[in-house]
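Below you'll find the structure, written out as C-alpha cells, and then a few comments.
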Amino acid sequence: MTAAENADEAQRYDPREIQDKWQARWAELDLFRASDDPADTRERYYLVDMFPYPSGDLHMGHAEAYAIGDAMARYWFLRGRNVLHPIGWDAFGLPAENAAIRNNSHPADWTYANIETQAASFRRYATSFDWSRRLHTCDPEYYRWNQWLFLRFYERGLAYRKGGYVNWCPFDQTVLANEQVIGGRCERCGTEVVRRVLTQWYFKITEYADRLLADAAELEGKWPDRVLLMQRNWIGRSTGASVHFAVEGRDEPVTVFTTRPDTLYGATFFVVAADSPLASELCAPDRRAELDAYVEQVRKLTDIERQSTEREKTGVFLGVYAINPVNDERIPVWAADYVLPDYGTGAIMAVPAHDQRDLDFARRFGLPVRVVVETGAPDPAETGVATAGDGVLVNSGPLDGLSKADAIARINSILAGRGLGEAAVTYRLRDWLVSRQRFWGTPIPIIHCPSCGEVPVPEESLPVVLPDLRGADLAPHGVSPLAAATDWVNVFCPKCGGPAKRDTDTMDTFVDSAWYILRYCSPRYDEGPFRTEDVRRWAPVDLYVGGVEHAILHLLYSRFFTKVLQDMGTVDFSEPFTRLINQGQVINGGRAMSKSLGNGVDLGQQIALFGVDAIRLTMIFASPPEDDIDWADMHPEAMVKFLGRVWRIASDVAAASAHQPFAAAGGGSFADGDTELRKITHHAVDEVTRQVEGYHLNVAVARLMELVSATRKAIDSGAGAGDPAVREAAEALAVMLSLFAPYTAEECWELLSRGKPAQPAPGAPAVSVAKAAWPAADPALLVQETVTCVVQVNGKVRDRLEVPPAITEDELRELALAAPGVARALAGQAVQRVIVRPPKLVNIVAV
RNA sequence: GCGGGCGUGGCGAAAUUGGCAUACGCGGCAGGUUUAGGUCCUGUUGGUGGAAACACUGUGGGGGUUCGAGUCCCCCCGCCCGCACCA
C-alpha cells in the first residue's frame with residue numbers, strides 16, 4: 001500500500017461513527033447477561049465496580065474506575081467464564097435532599113433523573129454490565145430489605161438504641177458515625193463536627209472487632225496493604241488490664257483500662273473525663289461549681305480544638321481520692337478533657353513518669369512524678385520527657401527487678417488473684433451509629449409505644465415506605481423531616497393496638513451499600529434480601545474495584561455485615577471481597593479537579609473530542625490502575641492514532657483476503673503464515689494474558705502496541721496483508737483490544753469477518769468480538785531457537801552471544817571466554833572466576 | 001509525634017527469583033509522502049567525550065552485602081497517605 005492510500009485510510013477511521021453504529025447494535029444483542037442456569041457448568045466470575053452515587057453525570061474518576069473493571073470483566077467473558085458484572089445506584093443520601101431543597105423539588109426526582117443520565121453514559125461508555133440486574137437502593141423493593149436486616153440485627157441484639165456522646169454535623173443537621181468524621185470534620189460537607197448527647201441507633205460492630213481484625217490476615221496480598229493497615233488501625237486493638245480503684249465515699253470501685261499495668265505503682269493521680277457522668281458523680285460538693293464551669297468551657301471546644309496535642313493540659317481537682325489497690329495509696333482524682341468519655345471506661349490511672357500526657361498534666365498542676373521503670377533515660381520529672389520504653393521495675397513492691405513484660409504478667413496475676421482487676425483488651429472501634437435525622441433514606445422499622453416501648457414493625461408490614469412529603473419542608477432542623485408527616489408517624493402499636501409513633505430517623509446510607517453485592521445475585525427476589533443458593537453460587541466477589549476513600553467506611557461495614565449474615569447462616573463465607581483494587585484518582589495539573597480551582601475536565605467533552613475508546617485506553621495506558629492519573633500529562637490523541645493503526649490493519653487484511661475463509665471460525669489455518677510474525681503474535685498473546693491477569697493493564701496495552709508495529713511492518717515490508725499470519729495477528733489484536741477499546745475492536749472484528757450477518761451459522765464467525773474466544777498462545781511458537789546471552793567482565797556487558805536455550809554451562813563458559821569483546825576487555829587481566837547462568841548470562845571476574 | 005508508602009530520561013511509565021536499566025507512549029530531532037500545513041510512514045533520542053568503533057557515567061544522597069543491586073540491608077534527604085491526647 002502506498003502512503004497516499006494510507007492517508008486516505010486514515011481519514012476513514014472515524015471513532016464517532018463506529019461508536020454510534022455499535023452502541024445501537026449492542027443494545028439489541030444483550031451480550032453480558034450472567035447465567036443462573038444450574039446446568040451451566042462454566043466457571044463463574046463475580047466482578048463488581050463500586051456502585052456510583054447519582055450526583056450528576058459520570059465524571060473522569062468514574063471513567064477510570066469503570067475502564068479498569070470493564071477490562072477485567074471482558075477478559076473473563078472472553079476466557080469463557082460465566083461472568084456476573086452488575087450495576088446499580090447508591091441512590092439514597094444527602095446530596096439529593098440538599099438539591100431538592102435548593103430547587104424546591106423532590107429528592108426522588110433529582111435522583112432518578114441523574115440515574116437515567118448515568119445509565120445512558122454507562123451504555124455509551126461500553127460497560128459490559130448485566131443490565132437486567134440493575135438496582136437502586138432508594139427503591140422500596142431494595143430498602144425493604146434494609147429494614148428486614150435491621151430487624152434481624154435487632155433480634156440478635158446487634159441493633160440497639162443508647163444515649164451518649166455523638167458526632168453532630170451542624171451544617172447537615174444530623175449525627176454521623178465515627179467513620180464519617182474525617183479529621184474532626186463531616187465527611188460530606190467538611191463542617192467541623194461537634195459533640196452532642198443524644199439517643200441514637202447503633203449496630204454493634206464492636207462485637208465483631210476481633211473477627212474483623214483476625215480475618216484481615218486472610219486478605220493479605222489480595223487487598224492493598226494500606227487498606228488493611230487502615231482497617232487494623234481503625235479497629236485499634238489494645239491489650240492491657242482493667243484495674244479496679246476504690247474511690248473514697250463511693251461504694252462501687254471505678255475501673256480503668258491501662259496498657260501498662262506494670263506501672264501501677266507509679267500512679268500518682270487519677271483522671272476521669274470531665275464531660276462524663278462519672279466526673280459529676282464523683283465530684284465533692286465544694287468543687288461542684290468549679291467542675292461545672294470547667295465542663296462548660298470544654299463543651300465549647302470543637303473536637304479539632306479539643307484533640308490538638310499542642311494545647312496545654314487543663315483540668316480540675318474533684319476533691320476526692322482514689323485508693324491504689326496494690327499499695328493502698330491515696331491519690332487525688334481530677335477531671336480533665338484529655339481523657340475521653342467514650343474510650344475505655346472514661347477514667348485512667350495517671351502514671352506521669354511513663355506517659356507523656358500524664359506528665360504534661362502533672363507538671364502543669366504540680367502533681368508528683370514517681371519513676372517505677374528504670375530505663376536509663378534521665379528523670380522525667382526534670383526533663384519533662386516521659387520514659388515509655390522497657391527497663392527494670394523499681395519502687396514497685398513485688399515487681400521490683402522485673403522487666404516490663406514480666407511485670408505485666410506478674411501484676412495481672414496478682415490483680416486477678418485478689419479480684420482487683422484482670423487482663424483486658426480494648427478497641428478504638430466504636431459501635432456504628434446508624435440513625436440519621438434526614439429524609440432521603442431508609443425509615444427505621446421501629447414503632448415507639450408508650451406502654452410496650454420499642455416494638456419492631458412486623459415483617460409482613462414491610463416495607464415501611466417513605467412518605468412522599470412532596471412540597472413539604474425538607475430542610476434540616478435537627479429532627480428528621482419524617483416527624484412532620486403526622487399521618488405516617490401516628491400508628492397503632494403492633495403489640496397492644498394502642499396509639500404509638502413510628503421512629504422518624506432514617507438509616508445511614510452505608511447500610512444500603514453494606515450488602516448490595518448480595519442483592520445483585522438475585523435482584524428481583526421478593527422473599528428475602530437475597531436467594532441463598534444464588535448468593536452461594538456467585539459470592540463472594542472475585543474482584544472488587546473502587547476508590548480508596550472507602551478503606552474504612554464501606555469496606556469495614558460490608559465485612560461486618562457479611563460476618564453477621566454468616567452467623568445467621570445465610571451466607572457461607574466470612575469475607576465479601578476476595579480481591580480488591582483501588583484505582584487512583586484522576587487529577588489535573590497536580591491537584592484534584594474542583595470547581596473552585598476551575599481545573600475540572602468534563603468527561604462528555606473528552607469523549608466528544610476523542611471517542612470513548614481513546615478515553616478508556618488513555619485511562620488504562622496512563623499508569624498501573626492504583627496510581628493517580630494527572631490528566632494534564634495525558635495525550636488521548638495518541639490513543640486515537642493507535643486505534644487508527646489497529647483499524648487500518650484490519651482494513652488491509654479484510655481487503656487483501658476477501659476470498660479467504662475467516663480463519664478464526666475454523667475456515668482455514670494460520671499454519672502457512674509467516675513464522676516470524678506468528679511467533680511475535682503468540683508471544684504477545686502470552687504476554688498480554690499474563691499482564692492482564694496480574695492487573696498490569698498499562699503494560700498489556702504496551703504489548704498490544706508492539707504487536708501492532710510488528711504487524712504493520714509485516715504488511716508493508718514483509719509477508720503482506722494477505723498472509724495468514726497477518727490475519728492471525730489482526731484477529732488476536734481485535735480480541736485483545738476489546739478489553740480496552742470495545743468499539744474499535746468490534747469494528748475490526750466485523751471487518752475481519754467481512755460483515756457476516758449477526759446471527760451466526762454453526763462455525764461462522766461470532767456475532768460480536770465480546771463472544772469471541774481469548775486467543776491461546778501456541779507453546780510451540782513460544783520456544784526460541786536462540787537466546788541472547790550477555791557476557792560481562794566484572795559486571796559490565798562486553799559482548800553478546802546468540803546461543804541455543806538448552807546450552808550447557810560448560811559450553812557457554814567456553815563460548816564466552818572466546819568472545820572477542822571479552823578478549824578486548826580482559827586486556828591481559830587474569831580470569832579469577834566465571835559465573836555462568838545459562839542461557840542468559842555469563843560474568844567473568846578478572847583482576 | 002506515631003505508622004505506612006513512594007523517589008527511574010524533558011514527561012506518563014517498564015524492568016519473574018538480585019542478572020542487558022529506561023520496554024511502550026508523549027515530547028524533541030532528522031528524513032519520506034504532501035503545493036503547504038495536518039494526517040500518515042521511517043529512523044533517532046539518558047548524560048559526557050568521540051567522525052566512528054567505543055569508553056566513561058547513570059535509577060533522590062551516602063554507606064553495606066554480593067561475581068553482580070533500580071531490586072536486599074543500614075543511615076540521611078524529599079514527597080505523598082493514614083492516624084493523631086485512644087490511656
Side-chain angles (χ1 to χ4, degrees), chain A residues 1-11 13 182-184 224-230 232-234 236 238 240 256-260 263 271 273 306-311 313 336-340 342-351 355-358 360-361 426-430 548 551-552 617-618 621-624 627-630 632-635 637-639 641-642 644-645 648 690-691 694 696 698-706 708-709 712-713 716-717 788-797 800 821 824-825 832-837 840-846:
Chain A
M1 173 171 302
T2 68
E5 278 166 325
N6 270 334
D8 286 343
E9 299 277 9
Q11 283 159 10
Y13 171 67
I182 312 290
D225 288 342
R226 65 167 168 164
V227 173
L228 293 176
L229 186 75
M230 282 165 74
R232 288 192 180 107
N233 290 343
W234 188 260
S238 298
V256 301
F257 173 75
T258 176
T259 54
R260 293 294 304 275
T263 62
V271 189
R306 176 166 175 171
Q307 293 182 359
S308 163
T309 45
E310 309 300 308
R311 238 175 91 237
K313 294 275 179 291
D337 64 357
Y338 83 92
V339 172
L340 306 175
D342 50 3
Y343 184 78
T345 60
I348 62 157
M349 65 175 208
V351 184
D355 182 288
Q356 190 60 48
R357 297 154 300 180
D358 296 344
D360 293 344
F361 192 85
T426 296
Y427 299 91
R428 211 187 78 111
L429 181 72
R430 315 287 162 83
V548 74
I552 32 191
L617 207 50
T618 303
F621 185 59
S623 65
D627 286 10
D628 285 353
I629 295 174
D630 193 332
D633 297 331
M634 293 301 117
H635 301 276
E637 62 279 3
M639 299 301 110
K641 177 177 151 185
F642 166 70
R645 297 186 74 189
R648 272 189 298 283
R690 219 202 314 275
Q691 299 295 353
H696 309 297
N698 55 328
V699 185
V701 174
R703 299 291 168 257
L704 289 180
M705 289 172 169
E706 288 169 336
V708 166
S709 293
R712 185 76 253 162
K713 205 166 278 178
D716 287 348
S717 54
T788 306
C789 176
V790 173
V791 185
Q792 300 176 330
V793 175
N794 290 331
K796 285 176 186 161
V797 181
R800 289 183 168 79
R824 213 181 316 125
Q832 200 173 57
R833 197 174 155 190
V834 183
I835 287 116
V836 186
R837 294 278 177 276
K840 294 179 83 172
L841 181 128
V842 177
N843 188 14
I844 296 161
V845 186

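Throughout, a chain's letter reflects where its sequence line sits, starting with A, and its residues are numbered from 1. Quick caveat: nothing in here was measured; it's all calculated off a predicted structure.
B:A52 and B:G58 are spaced 23 Å apart, taking the P atom of each and rounding to whole Å. A gap of 23 Å separates the C1' atoms of B:C73 and B:C79, to the nearest Å. With C1' as the reference atom, B:C11 and B:G27 are 7 Å apart, rounded to whole Å. Comparing the same atom, C1', in B:A13 and in B:U17 gives a spacing of 23 Å after rounding to whole Å. Separation of the C1' atoms belonging to B:G28 and B:G9 is 12 Å when rounded to the nearest angstrom. Going from the C1' atom of B:C41 to that of B:G7 covers 38 Å, rounded to whole Å. Taking atom P on both B:G4 and B:C76, the two are 14 Å apart, rounded to the nearest angstrom. Here the separation of B:C54 from B:G37, taken at their C1' atoms, is 42 Å to the nearest Å.
If you check every strand for non-hydrogen atoms under 4.0 Å, A:Met349 touches nothing. In this structure, A:Arg232 reaches neither bases nor backbone, as no heavy-atom distance under 4.0 Å exists between it and the strands shown. The residue A:Asp630 sits apart from the nucleic acid: no heavy atom pair falls under 4.0 Å. When heavy atoms are screened at a 4.0 angstrom cut-off, A:Thr426 is found touching no nucleic acid atom at all. A:Val339 comes within 4.0 angstrom of a nucleotide base, judged by non-hydrogen atoms across all strands.
Across all non-hydrogen atoms, the minimal contact from A:Val339 to A:Ala347 is CG1-N, 4.1 Å. Of all non-hydrogen atoms in A:Tyr343 and A:Ser238, the two that sit nearest each other are OH-OG, 3.5 Å. Contact between A:Ala273 and A:Leu340 at its shortest, heavy atoms only, is CB-C, 3.7 Å. Residues A:Met230 and A:Ala551 come closest through the heavy atom pair CE-CB, 3.6 Å. Closest of all the heavy-atom pairs between A:Thr345 and A:Phe257 is OG1-N, 4.2 Å.
Here the nucleotide nearest the side chain of A:Glu706, chosen from B:C20, B:C24, B:A87, is B:C24. Nearest nucleotide to the side chain of A:Val699, out of B:G3, B:A15, B:C81: B:A15. Picking from B:C83, B:A87, B:C24 the nucleotide with the shortest atom distance to the side chain of A:Thr259 gives B:A87. Among the nucleotides B:G3, B:C24, B:A87, the one closest to any side-chain atom of A:Phe621 is B:C24. The A:Asp633 side chain lies nearest to B:C11 when the options are B:G4, B:C11, B:C85. Considering only the side chain of A:Pro624, B:A13 comes nearest among B:A13, B:G3, B:G25. With distances taken from any side-chain atom of A:Lys796 to the nucleotides B:G82, B:U42, B:C56, the minimum falls on B:C56.
Side-chain to base pairing of A:Arg800 with B:C20: one donor and one acceptor N or O lie within less than 3.5 Å of each other. For B:C20, its base never sits under 3.5 Å from the side chain of A:Lys840 at any donor and acceptor pair.
Rounded to whole angstrom, the span from the CZ atom of A:Phe642 across to the C1' atom of B:C41 amounts to 17 Å. When rounded to the nearest whole Å, the span between CG of A:Asn698 and P of B:C11 equals 18 Å. Taking atom CG of A:Asp628 as the reference point, atom P of B:C11 lies 18 Å away to the nearest angstrom. Put simply, CE on A:Met634 is 13 Å from P on B:G27, counting in whole angstrom units. Here the C1' atom of nucleotide B:C85 and the CG atom of A:Asp358 are 10 Å apart, to the nearest Å. For the pair A:Arg712 CZ and B:C41 P, the computed distance is 8 Å after rounding to whole Å. Between the CD1 atom of A:Ile629 and the P atom of B:C11 there is a distance of 19 Å, rounded to whole Å. Spacing between atom OH of A:Tyr343 and atom P of B:C83 amounts to 16 Å, rounded to whole angstrom units.
Residue A:Ser709 has no polar side-chain atom (N or O) positioned under 4.0 Å from OP1 or OP2 of B:C24. Considering only side-chain N and O atoms, A:Arg703 lies nowhere under 4.0 angstrom from the phosphate OP1 or OP2 of B:A14.
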Pair A:Lys313, A:Val271 - check side chain to side chain contact (heavy atoms under 4.5 Å, CB included), show working. CA-CA 12 Å; A:Lys313 294 275 179 291; A:Val271 189; over 6 Å; no
(request) Begin with the C-alpha distance, continue with both residues' side-chain angles, and end with the deciding distance and a verdict on side chain to side chain contact (heavy atoms under 4.5 Å, CB included) for A:Met349 and A:Thr263. (result) CA-CA 10 Å; A:Met349 65 175 208; A:Thr263 62; 3.8 Å; yes
(request) Dump the intermediate steps for side chain to side chain contact (heavy atoms under 4.5 Å, CB included) on A:Ile844 and A:Asn794, then the final yes or no. (result) CA-CA 6 Å; A:Ile844 296 161; A:Asn794 290 331; over 6 Å; no
>> Go through it in stages, so that I can follow the logic: the residues are A:Arg260 and A:Val351, the test is side chain to side chain contact (heavy atoms under 4.5 Å, CB included), and I'd like the CA-CA distance, side-chain angles, deciding distance and then a yes or no.
In response: CA-CA 9 Å; A:Arg260 293 294 304 275; A:Val351 184; over 6 Å; no
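Within 90° of 0 lies the glycosidic angle of B:G9, which makes this nucleotide syn.
Taking the side chain as every heavy atom from C-beta outward, A:Asn233 and A:Leu229 approach each other to under 4.5 Å. Residues A:Met705 and A:Arg645 have side chains not in contact (no heavy-atom distance under 4.5 Å, counting atoms from C-beta outward).
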Could you pull out the protein-nucleic contacts involving nucleotides 44-55 of chain B (nitrogen or oxygen on both sides, under 3.5 Å)?
from: B:A55; atom 1: OP1; to: A:Arg798; atom 2: NH1; distance (Å): 3.0

For nucleotides 65-71 of chain B, print each protein N/O atom paired with a nucleotide N/O atom at under 3.5 Å, atom names and distance only.
from: B:C67; atom 1: OP1; to: A:Arg833; atom 2: NH1; distance (Å): 3.0
from: B:C67; atom 1: O2'; to: A:Asn843; atom 2: ND2; distance (Å): 3.4
from: B:C67; atom 1: O2; to: A:Asn843; atom 2: ND2; distance (Å): 2.6

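Taking for each of A:Thr345 and A:His635 the nucleotide of RNA chain B with the nearest heavy atom, the 5'-most of the two is the partner of A:His635. Nearer to the 5' terminus of RNA chain B, by closest-nucleotide assignment, is the contact made by A:Ser623 (compared with the other of A:Ser623 and A:Asp355).
Using cut-offs of 30° and 60° on the angle between ring planes, the pair A:Phe361 and A:Tyr338 is tilted.
Heavy-atom neighbours of A:Arg428 CZ from other residues, nucleotides or ligands within 6.0 Å: above the threshold of 12.
Note: A:Leu617 CG to A:Met634 CE = 12.0 Å, rounded to the nearest 0.5 Å.
Paired regions of RNA chain B, where each region holds three or more successive Watson-Crick or G-U pairs whose two hydrogen-bonding distances fall under 3.5 Å, are B:1-7 with B:77-83, B:10-12 with B:24-26, B:27-32 with B:40-45, B:46-49 with B:54-57, B:60-64 with B:72-76.
In this structure a side-chain-to-backbone donor-acceptor pair under 3.5 Å is present from A:Asn843 to A:Gly795.
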